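Since this is a predicted model, take the numbers as computed values, not measurements. A, B, ... follow the sequence lines: proteins, then strands. Residue 1 opens every chain.
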Amino acid sequence: MSAFPLAAAASLSSSSSVAQSYGSALPPAMILAVIRENPVTIVVGETGSGKTTQMTQYLHEDGYTSLGLIGCTQPRRVAAMSVAKRVSEEMGVELGQEVGYAIRFEDCTSDKTFIKYMTDGVLLRETLSSEDLFQYKAVIMDEAHERSLNTDVLFGILKKVVAMRADFKLIVTSATLDSAKFASFFGNAPVFNIPGRTFPVDVLWSRTPQEDYVEAAVKQALAIHLRDPPGDILIFMTGQEEIEATCFSLAERLDQMRSGGQDVPELMILPIYSQLPSDLQAKIFDKAPEGSRKCIVSTNIAETSLTVDGIYYVIDTGYVKMKVYNPKMGMDALQVFPESQAAANQRSGRAGRTGPGTAYRLYTESAFKHEMLVSSVPEIQRTNLANVVLLLKSLNVDNLLHFDFMDPPPQENILNSMHQLWVLGALDNVGGLTSTGRHMVEFPLEPALAKLLLAGAAMGCSAEALTIVSMLSVPSVFFRPPDRAEESDAAREKFFVPESDHLTLLHVYQQWKNNGYRGDWCARHYLQGKGLKKAKEVRAQLLDIMKTQRLPLTSCGSDWDVVRKAICSAYFSNAGKFKGIGEYVNCRTGMPCHLHPSSALYGLGYTPDYVVYHELGMPCHLHPSSALYGLGYTPDYVVYHELVFTSKEYMQCVSAVEPEWLAELGPMFFSIKESHSSRQERRKKEAATAAAMAAEAAQAEEAKAAAAAAAAAEEAERRQKAREAAATPAGRRATTPRRPLGL
DNA sequence: TCTCAACGC
């Protein structure tokens, strides 16, 4: 048996009611003995304890793999891949053979595989085809304290598996903070403590609350740079805008000092956030030249996803951006909240990976103790659960309100998600799965996108739907370097299909295909080649699933109106009705959604005689990245992929739709009837004594509407022409059908 | 009032 590097310092503590004690030195044999004797074991292992790579090998050496697989789940794909690679190297086998990994759209395992690393979402999906996970003898849920949505659902499912199978072992890793809670959820499971090998970090508090934490962080970073011994600095901010402001201000202050004659050593200022193009991201791993140091300004991405060595100083603003779902509004809000105490400790810990470090917290100790939650609200309690509901339904969980969640989500979220699925035709009137629902659950997609594929198949445009769904399943392919924002925006606009952001994505993909899937073509048009390639892979995998589902692959050619209709049938719950310049209202909830001034739909309007009827109305905005933003024509009705409140209620990924489609495809929400205003008009006219005058008035009204419509059409045409003149992607006009919508 | 954290199936 290989040496267990953790054993020397490992100890076993017990949960409240299991009074076992194993002393301070714990050989692997003892850990394995406890696992043998208990169906569930909680392992508290700090970062750097090596548990992720060692535990699977121990279980293998203890014979668990002779009868089945050992699975180990990770919250992130890169972790699943890199850990599998390392373990395969340690065991001297080829990756993908005895040791492999599986992530969405990528299965790197074989018949020989007995240790399998995977994302927790993959294991969750596997429970669909084998409810008791019979192929696994043991599952290790790593980083379970992060409490991802999938982890939490798996908790409930694996608890059942443990109850069903006496031969199954579950090992859950947790942070110290949650170990008692985890142990109690799994029936007083024993708890191991495996100390990590990180260095101590001095925590320094702000004496007074900071009004402007960007300014405070800049000052602190400069103070460290000018005063303290070598070692790199990591600053945590909430988002891209703050990061850029911080970087700018730091550079400016350094310039000022130098031009004032001060001798300031060099400081590499490095922003990092997920939307940053990957070549710029990679710079944070460059070593600072001798005599200088680097200062990384980061979002949460450096809290868990990215680990940079050499950090001795952490500056923590104390805030974090989080998505919170509001079921009443059907909207996500992306808002800044104080971080949790657990997150603060995690951030501080980033200063202690290479040597003893210092964490500067830009808030008071009292704020930490009294204003911060001990740990973050688990994702399952603040998210749309449509996907989870669909999955549990297909696992025959009849009553979701009684499902054994460690922290149950608000009942309202569950009921709202069930309603969404009913609306999409995935659930019947008594909450059972329909055949549509059974088709949908086969796709590793959110329900609306799965529905879009099914609708595409039914309407003869599944090839186009497939491309759009694939493009929405990868990070945005539009490349927007902060220093070339205008150029890249102009490049993006050349691909715009004015009536639809969804069709714009389709257009980009088709152009890329027409240009031989070339990388240099991507670079020229400010597109992420990597993302497009990924979309192509995703498309192929989804196509495989479509084949097994016997769904036809058909193209509608250049008749893209059909595609918009398919989009409408997936997204009619997210319909917005034109309200005023730049402003829409969600037809159902009354939620506001605004057109962004750069939308194609912005700035023009007309009044239809008939409307899709709904009294409520709240504004929603077009996102500035939308093809519909500010380009000059305004459809009366749009559907959107997602509504997120940031500075405003912004719709993301918007398509114009015909009102009669909404009535046809979403009859539970919409019916066509005469609008209030046009009814009044009619009655007025009826009351008029002179029939001739009334007719004249009507004529005048019509002429006005026609003129407005013509003007709108002309304007749209003009803008289109202007864009075409500027556009370079070959053949765009030839392949993009368009007509001014609803005019 | 012209822009969004980072994860995942």
Inset, instruction - Could you walk me through whether A:Q420 and A:V423 pass side chain to side chain contact (heavy atoms under 4.5 Å, CB included), step by step? - result: CA-CA 5 Å; A:Q420 276 180 35; A:V423 159; 5.6 Å; no
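Contact between the side-chain N/O atoms of A:T119 and the OP1/OP2 oxygens of B:dC7 is not found at any separation under 4.0 Å. The side chain of A:S305 places an N or O atom within less than 4.0 Å of a non-bridging phosphate oxygen (OP1 or OP2) of B:dC7. For A:T299 and B:dA6, the shortest distance from a side-chain N or O to OP1 or OP2 is below 4.0 Å. Between A:R147 and B:dC7, a side-chain N or O to OP1/OP2 separation shorter than 4.0 Å is absent. Put simply, A:K323 has no side-chain N or O that comes within less than 4.0 Å of OP1 or OP2 on B:dC7.
Checked for salt-bridge contact, A:D404 and A:K160 miss the test: no charged N lies under 4.0 Å from a carboxylate O.
Residue contacts shown for A:R104 include a base, since a base heavy atom lies under 4.0 Å away. Contact annotation for A:L334: base contact, defined as any heavy-atom pair under 4.0 Å involving a base atom.
In terms of position on DNA chain B, the residue among A:S274 and A:N387 whose nearest nucleotide sits closer to the 5' end is A:S274. Looking at which nucleotide of DNA chain B each of A:N300 and A:S473 is closest to, the 5′-most match is held by A:N300.
Atom-to-atom distance recorded for A:L543:CG and A:T548:OG1 is 10.0 Å, nearest 0.5 angstrom.
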